[in-house]
Amino acid sequence: MNIYIVFDSEGGHTQALAEAIAAGAASVHGATVHLHSTEEADVYKLVEMDAIIWGCPGHFGSISSGLKKWIDKLGYLWAQGKLVDKVGAVFCTIATEHGGLESALLHLLTPMLHQGMIITGLPGNFADNALYGSYYGVGVTCPVDSDVLLSDQGIALGKALGERVARITNRLIT
């Protein structure tokens, strides 16, 4: 089971969340996790993957230009239907409460829906999700003036999403 995680990170917060997601996914037996920044990620490798998770910092309720530029390379894969029925999930970090977290997550989900992917979020029965996360994926607030890149709740949410994507993907491919 191959899981591809792509992230754009500007201050290290989103990379820390991507690493937590990767750790959660890797904890599931049989999962091979491929973790790449947008600068090194290859859109054509997505064809070989069973699940795809992407994320970035949220900017004013939308997504970063770095990840948007990478997503814009998916046109050929869309035209060929290469990502249909792959499991997908998203994540983002923002600097302030009420900074557009859920709007940014929805912007991240839209290309997956266009690709025909099977979207996986994080349900409310995960305790920290109701207070610190989002049902659309994992979104966490990471104040830029903090020495801590990611809170304990953010790490827990990331691991939970990665594990959930891997478990669901495993069920679908076996």
Side-chain angles (χ1 to χ4, degrees), residues 1-28 30-94 100-122 134 136-140 150 157-159 161-174:
M1 167 179 41
N2 285 294
I3 300 171
Y4 206 79
I5 302 173
V6 179
F7 66 92
D8 184 30
S9 188
E10 296 160 357
H13 305 288
T14 310
Q15 180 174 349
L17 183 54
E19 290 168 354
I21 293 166
S27 73
V28 175
T32 301
V33 178
H34 309 267
L35 178 65
H36 299 285
S37 69
T38 53
E39 291 85 25
E40 62 186 14
D42 181 356
V43 295
Y44 295 104
K45 291 284 186 185
L46 299 179
V47 174
E48 304 164 17
M49 300 299 129
D50 301 300
I52 303 160
I53 306 170
W54 61 51
C56 65
H59 293 293
F60 311 108
S62 191
I63 67 176
S64 69
S65 62
L67 187 62
K68 174 72 168 97
K69 181 179 177 182
W70 187 84
I71 289 171
D72 285 347
K73 297 176 186 177
L74 299 177
Y76 173 79
L77 299 176
W78 169 82
Q80 300 294 316
K82 298 291 187 182
L83 304 183
V84 171
D85 291 340
K86 293 187 183 292
V87 175
V90 298
F91 61 99
C92 78
T93 58
I94 58 168
L101 176 81
E102 290 188 334
S103 177
L105 289 169
L106 289 170
H107 283 284
L108 288 166
L109 287 172
T110 301
M112 289 186 169
L113 292 167
H114 281 260
Q115 294 286 346
M117 297 173 67
I118 302 166
I119 304 299
T120 303
L122 195 56
S134 172
Y136 305 120
V138 169
V140 296
L150 199 60
L157 289 168
K159 287 180 177 179
L161 181 69
E163 181 181 344
R164 183 159 197 259
V165 167
R167 282 188 294 104
I168 288 171
T169 302
N170 190 44
R171 280 191 223 154
L172 291 174
I173 67 171
T174 54

Side chains of D8 and S64: is there a donor and an acceptor less than 3.5 Å apart? yes
How far does OG1 of T120 sit from CG of L109, to the nearest 0.5 angstrom? 10.0 Å
If you look at every heavy atom in A166 and A25, which pair is closest and at what distance? CB-O, 3.7 Å
Kindly compute the distance separating CG (N170) from CG (D50), expressed to the nearest 0.5 Å. 9.5 Å
To the nearest 0.5 Å, atom CD1 of I52 lies from atom CG of N2 at 11.0 Å
Between E163 and K159, is the closest basic N to carboxylate O distance under 4.0 Å? no
Within a 6.0 Å radius of atom OH on Y136, are there more than 12 heavy atoms belonging to other residues, nucleotides or ligands? no
Is there a side-chain contact (heavy atoms from CB on, under 4.5 Å) between K68 and H59 once you walk through the steps? CA-CA 12 Å; K68 174 72 168 97; H59 293 293; over 6 Å; no
Could you check whether the rings of W70 and W54 sit parallel, tilted or perpendicular, using 30° and 60° as the cut-offs? perpendicular
Quick one: does I3's side chain get under 4.5 Å of V28's, heavy atoms only? no
I5 CD1 to F91 CZ distance, which is reported to the nearest 0.5 Å: 7.0 Å
Has K86 got a side-chain atom pairing as donor or acceptor with M49's backbone, closer than 3.5 angstrom? yes
Verify side-chain contact (heavy atoms from CB on, under 4.5 Å) between L35 and E19, making sure each step is shown before the conclusion. CA-CA 8 Å; L35 178 65; E19 290 168 354; 3.8 Å; yes
Going by distance alone, is a donor N or O of one side chain under 3.5 Å from an acceptor N or O of the other, for H34 and E48? no
